[in-house]
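Counting from 1, the numbers follow the sequence of the chain as shown. Counting starts at 1 for both ligands and their atoms, following the listed order. Worth saying up front: this structure is predicted, and the values here are computed from it rather than measured.
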Amino acid sequence: MDVAGSRGRHIAIAGAGIAGLTAAIAFAAKGFPVRLFERAAKPQEVGAGLQLSPNATRILSRLGVPDRLHAATIRPDAVVLRRASDLREIARVVLGDEALRRWKSPYLVLHRADLHAGLLSVAARLPGVEIVTSATVMDAAFHPQGVTVAVEQDGRTRELDALLLVGADGVWSRARRIVGGAESRFSGKIAWRTTLRADSEAMAGISDYLRRDCVSAFLHPKAHLVSYPIRGGSAVNIAAFTRGALAGTGWSRDSDGAPLRAALADAALPLASLLDSVTQWTMWPLHTVDPASPWTKSGGAVLIGDAAHAMTPFAAQGAASAIEDAYVLAATVADQPGDIAAALARYERIRRPRVAAVVRRGAFNAFTWHAAGPVAAVRDMVLATRSTDRLAADFDWLYGWDADQALAPAPALRAGR
Ligand SMILES: Cc1cc2nc3c(=O)[nH]c(=O)nc-3n(C[C@H](O)[C@H](O)[C@H](O)COP(=O)(O)OP(=O)(O)OC[C@H]3O[C@@H](n4cnc5c(N)ncnc54)[C@H](O)[C@@H]3O)c2cc1C
């Protein structure tokens, strides 16, 4: 399909992570030729598990991605919240078939490398998508016809003309500097991650509380720990979150997990034993980007995903938001390819309130999940009185969000008034 006014006009994307690959697929589906530049020699994901909620799986389904993910994903039956101190269940949000019925798309958990590989295989087969590796987007110059992007490759800088530069280059984004955005900041929180074999001895001791068919979250004033199956159920992803200080520079590093064990020292025995048996963790200092920072330069550059709004993962929505951004952006540009400034303004109008609400939800989760004393007692009491339906209804705005509805013209405009 050709797009009126944009024939031969490329979309240049910086970064082949979840945001950039989804954008490449979404723009190609709208008929735009895409050049996707990835700094790494081989595009790949770091980290382990990912929860993909229905708001994201709905979009991936529309883009034809799920077929490639089938074998790697698990559809958990529920998210179960427990107190770390005594492992008592305090709430259960039913997923499985109920998620499908309620939010019209499945809730999935998977290894992020499997999602990345699925997106990459779809993008690489699309005739309009060119993926250029070992290529770092360095700068951009704007002119009335679009944008000229400077890309460094093999020690040389190439210049390429494009209709639009999409910055999908993550939390340390260079494109954010191009649009005049803020630097990312350390959130004061550390993520601890590990992966265990599902049939390992370490898992056996906690199997009654850490079910293979659920997402389990253990809450404690000093930490919380989330676990779910990945790799079709053969492995278990564990991510825990504590307060902490930046230790050196860099994104992640290995640790024996001593600070995490100290934070959860008074956890119930099965959980404490699990932590004792894991001696290798990857530590990630969590950095965020102020969501009010600029996302666009009207001459032709725009940010999506973590580049725009890296958030703490307490609502498990960073990748989902990146997927939403990519889909909405491709649609707004396809609707107005001759007026990029208007298309980017519409993208921001749709995405900013949504991202702000998701960030607020993450902060709310962090507050309630780490509550102590009377606040924790009230939390447990309130959750205990909520029906299954009420607990699920709390997520309707988040998981029921449909990008196509958000993109639909307002009724008055549809009626031509
Ligand atoms: C512990 C933890 C748990 C999480 N759990 C969840 C979850 O359950 N569900 C969920 O939805 N989200 C989750 N998230 C968030 C999610 O992982 C991120 O929001 C998402 O991966 C961001 O994707 P991205 O493509 O925007 O950025 P990235 O994955 O960082 O990709 C950026 C890409 O750009 C490349 N790049 C960088 N600079 C340049 C340049 N100048 N030129 C070219 N290429 C460049 C990089 O090499 C990289 O490939 C979690 C995050 C953490 C830390």
Residue pairs meeting side chain to side chain donor-acceptor pair (under 3.5 Å), one or both in residues 132-142, sequence neighbours left out, come to none

Check: of Arg177, Arg39, His309, Gln51, min heavy-atom distance to atom 8 (O) of ligand 1 comes from Gln51

**Prompt:** Heavy atom of Ala135 under 4.0 Å from ligand 1?
**Reply:** yes

Is Asp402 salt-bridged to Arg62, cutoff N-O under 4.0 Å? yes

Quick note on ligand 1: atoms under 4.0 Å from a heavy atom of Asp306 include exactly 18 (C), 19 (O), 22 (C), 26 (O)

Between the side chains of Arg92 and Glu89, is the shortest nitrogen-to-carboxylate-oxygen separation below 4.0 Å, so that they form an ion pair? yes

Quick one: side chains of residues 155-165, donor-acceptor pairs under 3.5 Å with protein atoms, not counting sequence neighbours, listed by atom name and distance.
| from | atom 1 | to | atom 2 | distance (Å) |
| --- | --- | --- | --- | --- |
| Arg158 | NH1 | Gln153 | OE1 | 2.9 |
| Asp161 | OD1 | Thr148 | OG1 | 2.8 |

Q. Any chance the rings of His224 and Phe314 have centres within less than 6.0 Å?
A. yes

If we number the atoms of ligand 1 from 1 as shown, the ones under 4.0 Å from a heavy atom of Gly170 are 27 (O), 30 (O), 32 (C)

With a 4.0 Å cut-off, would you call Arg75 and Asp97 a salt bridge?
yes

For Gly305, the ligand 1 atoms with a heavy-atom partner under 4.0 Å come out as 26 (O)

Do Trp369 and His220 have ring centroids that are under 6.0 Å from one another?
no

Closest heavy-atom approach to atom 42 (N) of ligand 1 among Leu286, Ile323, Val137 is made by Val137

For Ala191, the ligand 1 atoms with a heavy-atom partner under 4.0 Å come out as 1 (C)

Counting from 1 in the order shown, the ligand 1 atoms closer than 4.0 Å to a non-hydrogen atom of Ala168 are 32 (C), 33 (C), 34 (O)

At under 4.0 Å between heavy atoms, what of Ala319 touches ligand 1? The answer is both

Out of Arg193, Met311, His116, the nearest non-hydrogen contact to atom 2 (C) of ligand 1 is supplied by Arg193

